[in-house]
Student: 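The structure's right below; bear with me while I get my questions together.
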Protein chains: 2
Amino acid sequence: MSEPTPRPSRTQQRIETQERILSAAGRLFAALGYDRTTIRAVAAAAQVDAGLVMHYFGSKEQLFAQATKTETPLVTGETPEEVAEQLLGILRQSLIEEPIASLAALRSMLTHPDAAAEVGNAHAERVKVSKAIPGVDGNLRAAVVSAILIGVVLGRHLVKLDELADADPDEIVELLRPAVLSLTKADRPE
Amino acid sequence: MSEPTPRPSRTQQRIETQERILSAAGRLFAALGYDRTTIRAVAAAAQVDAGLVMHYFGSKEQLFAQATKTETPLVTGETPEEVAEQLLGILRQSLIEEPIASLAALRSMLTHPDAAAEVGNAHAERVKVSKAIPGVDGNLRAAVVSAILIGVVLGRHLVKLDELADADPDEIVELLRPAVLSLTKADRPE
DNA sequence: TCCTTCATTCAACGGATGTAGAACGGTTCA
DNA sequence: TGAACCGTTCTACATCCGTTGAATGAAGGA
């Protein structure tokens with residue numbers, strides 16, 4: 001599959017370089033977090049000079065913003081059971097692969113305000129499902145589920161807690177199904 | 001309540017200063033994490049020169065180690081129900097107060113190896129309860145519970161996810177009881 | 001009182017980092 | 001072919017950090 005309009009080699013080259021930088025930045029941010037990731041290190045990993053990174057992305061903050069940009073999957077379920085299954089599906093996907101951009105934001109959320117905001121937004125997006133979670137405490141229930149998902153993904157990919165890191169993703173999902181269901185289903189009157 | 005043996009004022013003064021430094025360090029590490037906490041900032045918060053911090057604690061690493069030192073509460077329950085209640089009790093306590101030393105370690109666990117090790121140990125301690133959790137997957141179940149607790153405490157005190165930060169601790173505990181119980185009780189044959 | 005001890009401060013070094021701007025060299029196009 | 005363009009590198013600056021070692025001055029003991 002080739003480019004429809006084969007761009008002049010200069011533009012082409014530039015785009016490839018930018019992607020190489022962005023990819024290296026994502027990997028480093030995910031592995032080390034915002035503070036310990038150096039522009040020089042990103043440049044080296046992308047086999048490029050540090051000045052070029054600045055030239056393309058303006059600042060470290062903007063580079064981070066681009067590298068962690070990701071669209072949050074929507075949860076559209078209408079019943080508690082549907083919502084639970086969708087959330088478990090998102091979790092499963094996050095356990096199987098290593099979502100670099102998300103991991104970069106997660107890794108930095110405790111020490112970099114922008115990253116915390118990013119994670120907070122994804123969280124808020126997930127909390128919106130509370131419309132489908134009955135009970136006066138729908139918001140809180142949704143938030144607890146969200147915190148659980150964050151904790152499990154964190155434990156598996158970033159802190160690498162032994163048992164979680166090695167376990168079969170499906171097994172983890174199965175274990176969490178009752179827990180998530182107990183939270184999406186209200187046990188108190190509306 | 002006065003000192004049993006009123007120490008000479010010099011020693012007394014030194015101990016008070018050390019405690020002041022340690023307290024300031026704990027607060028700053030918990031608020032900013034390891035990297036963003038500066039020895040100079042700790043010194044300023046303790047109204048002391050930076051050199052003195054080095055003189056007493058040797059290095060930033062050692063200061064962090066002292067400031068995050070904490071004994072993990074033991075879980076001794078023998079039945080799944082007992083274990084669940086004890087874990088929920090620990091969670092409840094961590095939601096009500098702000099355990100500075102633990103929060104300092106948690107805040108830094110994603111970016112500082114030593115902090116990750118510290119949290120990993122507390123986690124491992126909690127996983128030991130898997131002897132009381134039936135099923136071939138006892139270890140994994142215990143690890144999942146541990147990850148859940150971390151996620152919730154993190155969300156409340158550090159990331160400050162709106163709904164979690166404001167909620168009544170007891171309400172959160174009540175919401176999590178079925179979830180935790182579903183994990184400490186096996187639903188598969190041994 | 002004099003000397004020692006020691007809690008504390010001061011000044012400085014070496015290294016790393018984000019960032020800015022000049023310089024270079026190949027590509028593109030008239 | 002020559003000039004403008006631009007992707008890229010080089011050099012440098014200002015700042016901040018952990019850490020060190022000498023200096024200071026008050027307290028304690030003989």
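Any value given below was found using the heavy atoms of this structure, including those in side chains, with hydrogens, waters and symmetry copies removed. Sequence lines set the chain letters: A, B, ... in the order given, protein chains first and strands last, and positions in each chain run from 1.
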Student: Measure from CG on D35(B) to C1' on dT17(C) and round the result to the nearest Å.
Tutor: 13 Å

Student: A side-chain contact here means heavy atoms from C-beta on lying under 4.5 Å apart; do H123(A) and D162(B) qualify?
Tutor: no

Student: In whole Å, I'd like the distance from the CZ atom of R40(A) to the C1' atom of dT11(D).
Tutor: 11 Å

Student: Measure the distance from CG on L28(B) to C1' on dC17(D) and round it to the nearest whole Å.
Tutor: 15 Å

Student: Figure out the CG/P separation between L52(B) and dC6(C), and round it to whole Å.
Tutor: 15 Å

Student: In whole Å, I'd like the distance from the NZ atom of K60(B) to the P atom of dT20(D).
Tutor: 15 Å

Student: Taking CG from L63(A) and C1' from dT17(C), how many angstroms apart are they, rounded to a whole number?
Tutor: 15 Å

Student: Determine yes or no for a side-chain-to-main-chain donor-acceptor pair under 3.5 angstrom, with H157(A) supplying the side chain and E97(A) the backbone.
Tutor: yes

Student: Looking at dT27(C), does its base get a donor-acceptor pair with the side chain of R10(A) below 3.5 Å?
Tutor: yes

Student: On the nucleotide dA16(C), are OP1 or OP2 found under 4.0 Å from the side-chain N or O atoms that T38(A) carries?
Tutor: no

Student: Does the distance from a Lys or Arg side-chain N to an Asp or Glu carboxylate O, for K131(A) and E78(A), drop under 4.0 Å?
Tutor: no

Student: Which residue lies toward the 5' end of DNA chain D, D49(A) or Y34(B), if each is placed at its nearest nucleotide?
Tutor: D49(A)

Student: Base, sugar-phosphate, or nothing: which does Y56(B) touch, judged by heavy atoms less than 4.0 Å apart?
Tutor: sugar-phosphate

Student: So which heavy atom on S182(B) is nearest to which on R141(B), and how close?
Tutor: O-NH1, 3.3 Å

Student: For the pair made of NE2 in H55(B) and P in dC6(C), what is the distance, rounded to whole Å?
Tutor: 10 Å

Student: Within the structure, does a side-chain N or O atom of S9(B) lie under 4.0 Å from either OP1 or OP2 of dG28(D)?
Tutor: yes

Student: Using atom CD1 of I15(B) as one end and atom P of dA7(C) as the other, report the distance to the nearest whole Å.
Tutor: 10 Å

